[in-house]
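Just so you know, ligand 1 is whichever comes first in the structure, and atom 1 is the first atom listed for that ligand. Positions are given from 1, in the same order as the sequence printed here. What you see is a predicted model, and the numbers here were worked out from it, not measured in a lab.
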Amino acid sequence: MPVSLCGTWDMISNVNFEGYMIALISPYLRKIALRLKLRKVIEQRGDQYIIKTVSAFRNYTISFRVGQEFVEYTQGLDNRHVKSVQSLVTWEGNKLVCEQIGEKKNRGWTHWVEDDKLHLELHCEGEICKQV
Ligand code: YOG
C-alpha cells in the first residue's frame with residue numbers, strides 16, 4: 001500500500017510556478033499567484049479523494065475516485081471562460097498521477113510523499129513546476 005497523502009500540508013518550496021502558469025493565465029494573475037503560500041488539504045473518504053488547494057486569494061477543490069474519469073472545471077484557475085478538462089487519477093507505484101485532457105497539451109500533476117513531505121509536480125505544455 002502506498003503511503004497516505006492525507007493531511008494538511010503547507011508549502012515550503014515552489015520552483016518554476018511562473019513557467020507553469022504562463023501556459024494558463026495572464027501576467028496579472030500570475031503576479032498575484034506567485035506570492036501565495038499554498039496549503040494542500042487532502043482527505044480520503046472510502047475510495048473518494050478530496051484535494052483542496054487553499055490560499056489567501058482563492059481556493060480550489062477537486063474530488064475524484066482513483067481510476068474513474070471525471071470532468072474538472074478549473075474555476076478560479078484558468079477560467080476566463082468556463083474551462084474544463086477530462087481528468088483521470090491513477091496510482092503509479094507510490095505516486096498519485098493525474099492526466100488532464102483538454103485544450104492544453106501535456107497537462108497533469110503527480111503527488112507523492114517523500115521524507116515526510118508532500119511533493120507535487122505540475123506540468124503543462126513542456127513546463128514543469130515542482131512544489132514541496
Ligand atoms: O492541484 O492542480 O494538488 O487540484 C495551482 C494554480 C491562484 C490564482 C493550484 C489560485 C495554477 C490562479 C492548483 C491559487 C495556476 C492561478 C489557489 C494546482 C493557475 C491559476 C487555488 C492543482 C492539484 C494537485 C489538485
Side-chain angles (χ1 to χ4, degrees):
M1 269 298 277
V3 198
S4 172
L5 304 179
C6 294
T8 298
W9 309 86
D10 286 313
M11 177 184 275
I12 55 173
S13 70
N14 192 4
V15 175
N16 196 36
F17 194 33
E18 173 80 1
Y20 170 77
M21 290 191 295
I22 284 174
L24 295 170
I25 55 169
S26 69
Y28 171 75
L29 260 184
R30 292 205 299 271
K31 208 164 177 177
I32 297 171
L34 263 187
R35 300 169 145 269
L36 300 172
K37 285 282 175 219
L38 302 177
R39 166 179 282 182
K40 291 283 176 191
V41 181
I42 303 183
E43 294 165 31
Q44 199 183 350
R45 297 197 196 124
D47 59 354
Q48 183 169 34
Y49 272 90
I50 301 152
I51 302 183
K52 296 178 189 156
T53 306
V54 179
S55 78
F57 178 58
R58 279 178 193 164
N59 303 323
Y60 181 68
T61 301
I62 59 167
S63 70
F64 56 87
R65 287 183 166 78
V66 175
Q68 282 185 23
E69 278 195 9
F70 63 104
V71 177
E72 183 179 351
Y73 295 93
T74 52
Q75 274 138 327
L77 303 183
D78 49 331
N79 74 332
R80 272 171 297 172
H81 316 283
V82 176
K83 295 276 177 64
S84 69
V85 288
Q86 189 77 38
S87 299
L88 176 66
V89 181
T90 53
W91 284 108
E92 290 182 13
N94 287 333
K95 296 186 171 180
L96 194 62
V97 177
C98 179
E99 246 197 289
Q100 297 170 308
I101 310 289
E103 176 189 318
K104 303 292 176 184
K105 298 267 175 275
N106 188 38
R107 184 174 180 181
W109 52 259
T110 302
H111 265 302
W112 70 98
V113 169
E114 196 179 311
D115 302 327
D116 294 326
K117 294 182 178 73
L118 181 73
H119 291 249
L120 171 62
E121 195 186 87
L122 293 158
H123 59 270
C124 189
E125 296 190 332
E127 294 286 345
I128 298 175
C129 167
K130 181 66 207 301
Q131 302 182 342
V132 179

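Residue pairs meeting the salt bridge (Lys or Arg N to Asp or Glu O under 4.0 Å) criterion with at least one partner in residues 106-125, sequence neighbours excluded, are D78-R107.
For E127, the side chain to side chain contact (heavy atoms under 4.5 Å, CB included) partners two or more places apart in sequence, or in a different chain, are N16.
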Would you be so kind as to tabulate the donor-acceptor pairs closer than 3.5 Å made by side chains of residues 63-71, with sequence neighbours excluded?
residue	atom	partner	partner atom	Å
R65	NE	D47	OD1	2.9
E69	OE1	Q86	NE2	3.1

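Cluster membership for I12 and W112, using ILVMFWY side-chain heavy atoms within less than 4.5 angstrom, is not shared.
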Distances only, to 0.1 Å: what are the N or O pairs between ligand 1 and the protein that fall under 3.5 Å?
residue	atom	partner	partner atom	Å
ligand 1	1 (O)	K40	NZ	3.0
ligand 1	3 (O)	K40	NZ	2.6
ligand 1	3 (O)	H111	NE2	2.7

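H111 and K40 share no side-chain donor-acceptor pair at under 3.5 Å. Under the 3.5 Å distance criterion, with hydrogens and angles disregarded, no donor-acceptor pair is assigned to the side chains of S55 and K37.
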